[in-house]
Amino acid sequence: MSDKGQRMIYLDHAATTAVDPRVVEAMLPYWTTQYGNASSIYRLGRQSRQAMEQARRDVADILGAQPEEIVFTGCGSESDNLALRGTAWASRQKGNHIITTPIEHHAISHTLLQLADHFGYEITYVPVDQYGVVNPDDVGRAITDKTVLVTIMYANNEVGTIEPIAEIAKIARAKGVPFHTDAVQAGGSLDLNVERLGVDLLSLSAHKFYGPKGIGLLYVRRGTPLLPTNTGGGQEMGLRAGTENVAYMVGLATALKLAYAHLEENNRRIALLRDQLIRGVLSSVQYAHLTGHSTQRLSNNASFVFDYIEGESILLGLDAQGVAASSGSACSTGEAEPSHVLTAMGIPPRRAYGSLRLSLGNENTAQDVQDVVAMLPGIVHKLQQMSPLCPGATALA
Ligand code: PLP
């Protein structure tokens with residue numbers, strides 16, 4: 001329910017999700033009765049350690065990894081920071097070149113900017129096409145003998161485009177360069193098996209798949225050069241110091257297990273809603289365009305641009321009717337610039353300003369989709385009428 005007593009339709013699962021009650025249940029004992037420090041040698045501590053190691057094994061099983069290759073962190077951003085800074089520092093003798101794309105989340109792009117601006121790293125941005133897809137051959141061509149890392153996201157957070165990660169990983173491996181993927185948006189809906197993907201480093205964040213906010217992980221393939229960015233007590237295989245947050249580790253593992261227990265069934269149901277939403281919006285809203293790839297996209301992502309309006313105003317219009325959605329990425333709210341993802345895909349800035357991301361989740365129904373498809377044309381039309389640029393607009397801005 002919204003604060004006006006309206007039914008709320010939550011369509012912002014790419015920003016975050018509610019914690020599954022089964023996850024909360026699994027976490028509770030580790031705050032109240034089994035609160036021991038996992039490094040303590042008495043029973044209370046040993047129980048915490050057992051719970052933590054079980055969580056690590058559960059996650060490793062889903063990733064097809066070894067438990068000691070799973071490093072728990074404080075969030076997806078921290079995982080990305082550790083992957084980038086950690087490899088850059090560890091490989092300083094080899095070189096100072098990193099390859100990425102222009103559509104990464106700021107957890108990647110801002111970290112790379114810092115490495116470039118303050119530490120002399122050179123960053124190559126391989127382009128994306130109009131759907132946001134990277135060409136793996138471009139990555140191969142960009143690798144030099146100074147390249148210490150390739151980092152390319154698994155799925156984009158704004159437009160939902162899925163990148164050809166396995167192909168890119170194969171190319172990087174053939175040239176002996178570690179490959180990191182930011183899989184934060186892929187967690188809970190795409191295959192995370194690190195052998196099939198061939199990745200060396202992979203970031204996840206629990207709050208995107210019905211786990212708690214404030215915990216993530218970095219998969220680190222054994223032998224990958226990586227220095228810790230948080231030093232101290234030697235926890236997490238010496239790669240992330242700090243007393244272990246056992247309750248959150250259990251929460252992440254429980255949420256991941258739940259997501260992967262019914263993966264195909266969930267994806268099928270949500271993709272059906274997504275396709276109804278996309279068809280409904282494109283056929284009923286004037287000057288609407290789908291952004292991202294039509295098929296190579298996350299099962300829950302329906303993202304658009306609408307001509308002659310600003311995304312923020314659509315969000316306010318939707319909010320007034322009880323719908324929670326996003327314009328581009330939630331992390332960039334407040335920025336006056338159009339989305340860097342959309343402009344990298346060649347969408348002109350004036351059109352990129354009118355972006356809307358609707359991201360579905362477990363609790364959404366066909367009724368939610370119908371309701372949004374019914375209300376959106378009116379909201380968009382009213383706003384377009386206020387633009388002096390819109391053909392046939394009747395009012396002045
Ligand atoms: N990477 C991507 C692709 C994301 O979408 C996000 C969050 O939206 C992050 C990283 C950051 O994750 P966290 O919020 O856990 O720091």
Side-chain angles (χ1 to χ4, degrees), residues 13 15-83 183-194 201-220 228 230 232-263 266 361-363:
H13 294 80
T16 197
T17 58
V19 183
D20 188 306
R22 292 166 293 182
V23 171
V24 178
E25 183 90 4
M27 294 169 70
L28 279 175
Y30 301 98
W31 281 306
T32 49
T33 51
Q34 297 181 40
Y35 52 82
N37 185 318
S39 299
S40 301
I41 58 164
Y42 44 82
R43 180 148 30 114
L44 202 60
R46 290 198 309 271
Q47 283 171 343
S48 289
R49 175 158 296 273
Q50 276 165 14
M52 172 175 88
E53 293 315 340
Q54 185 60 48
R56 207 184 299 283
R57 278 194 296 276
D58 288 345
V59 169
D61 278 352
I62 291 169
L63 270 63
Q66 297 303 313
E68 62 277 10
E69 294 175 314
I70 306 299
V71 177
F72 287 109
T73 64
C75 57
S77 301
E78 189 192 320
S79 303
D80 287 344
N81 274 254
L82 174 58
V184 169
Q185 288 292 333
S189 67
L190 296 182
D191 182 16
L192 294 180
N193 184 289
V194 292
L201 298 146
L202 178 146
S203 305
L204 284 178
S205 177
H207 74 100
K208 306 293 185 180
F209 46 85
Y210 308 93
K213 295 168 191 55
I215 179 123
L217 68 83
L218 182 66
Y219 158 74
V220 184
N230 209 44
Q235 292 93 345
E236 296 301 298
M237 286 64 68
L239 288 173
R240 201 269 187 174
T243 299
E244 296 93 339
N245 192 346
V246 179
Y248 277 53
M249 294 172 178
V250 169
L252 183 151
T254 308
L256 200 64
K257 276 197 298 182
L258 287 169
Y260 282 81
H262 305 286
L263 190 70
N266 271 352
N362 288 349
E363 74 282 6

Item to check | Steps toward side chain to side chain contact (heavy atoms under 4.5 Å, CB included) verdict (Glu236, Glu68) | outcome: CA-CA 8 Å; Glu236 296 301 298; Glu68 62 277 10; over 6 Å; no
Checklist entry - What do the steps show when you test Asn266 against Asn362 for side chain to side chain contact (heavy atoms under 4.5 Å, CB included), and what is the final call? => result CA-CA 8 Å; Asn266 271 352; Asn362 288 349; 4.0 Å; yes
Checklist entry - Run the side chain to side chain contact (heavy atoms under 4.5 Å, CB included) check on Gln235 and Phe72 step by step: do they pass? => result CA-CA 10 Å; Gln235 292 93 345; Phe72 287 109; over 6 Å; no
What donor-acceptor contacts under 3.5 angstrom involve side-chain atoms of residues 16-27, with partners at least two apart or in another chain?
unit_1	atom_1	unit_2	atom_2	d
Thr16	OG1	His207	O	3.4
Thr16	OG1	His207	ND1	2.7
Thr16	OG1	Lys213	NZ	3.2
Thr17	OG1	His207	O	2.8
Thr17	OG1	Tyr210	N	2.8
Asp20	OD1	Arg22	N	2.8
Asp20	OD1	Arg22	NE	3.1
Asp20	OD2	Arg22	NH2	2.8

Distance-only donor-acceptor pairs under 3.5 Å for side chains of residues 237-248, two or more places apart:
unit_1	atom_1	unit_2	atom_2	d
Arg240	NE	Glu78	OE2	2.7
Arg240	NH2	Glu78	OE1	2.9

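For residues 252-262, every residue pair satisfying the side chain to side chain donor-acceptor pair (under 3.5 Å) rule, not counting sequence neighbours, is listed here: Asp58-Lys257.
Atom CD of residue Gln47 and atom OG1 of residue Thr33 lie 8.0 Å apart, to the nearest 0.5 angstrom. For the atom pair CG of Leu218 and CG of Leu82, the computed distance is 5.0 Å after rounding to the nearest 0.5 Å. The line from NE2 of His13 to OG of Ser189 is 12.5 Å long, rounded to the nearest 0.5 Å.
For the side-chain contact (heavy atoms from CB on, under 4.5 Å) test, residues two or more places apart in sequence or in another chain that qualify with Glu69 are Ala65, Gln66, Tyr219, Arg221, Arg222. Every residue two or more places apart in sequence or in another chain that forms a side-chain hydrogen bond (donor to acceptor under 3.5 Å, both in side chains) with Thr73 is listed here: Ser79. Applying the side-chain contact (heavy atoms from CB on, under 4.5 Å) rule to Arg57 yields the partners Glu53, Gln54, Pro67; only residues at least two apart in sequence or on another chain are considered.
A donor-acceptor distance shorter than 3.5 angstrom exists from the side chain of Ser48 to the backbone of Gly36, with no hydrogens or angles considered.
When side chains are defined from C-beta on, Leu217 does not count as touching Val71, because their heavy atoms never get closer than 4.5 Å. At least one side-chain heavy atom of Leu204 sits under 4.5 Å from a side-chain heavy atom of Leu192. At a threshold of 4.5 Å between non-hydrogen side-chain atoms, the residues Arg46 and Ile41 do not count as touching.
The side-chain contact (heavy atoms from CB on, under 4.5 Å) test with Leu202 is passed by exactly one of Val220, Leu63, Val184, Ile70: Leu63.
Summarising the geometry of Asp80 relative to Ser203, their closest heavy-atom pair is OD1-OG, 2.7 Å, with the distance given to 0.1 Å.
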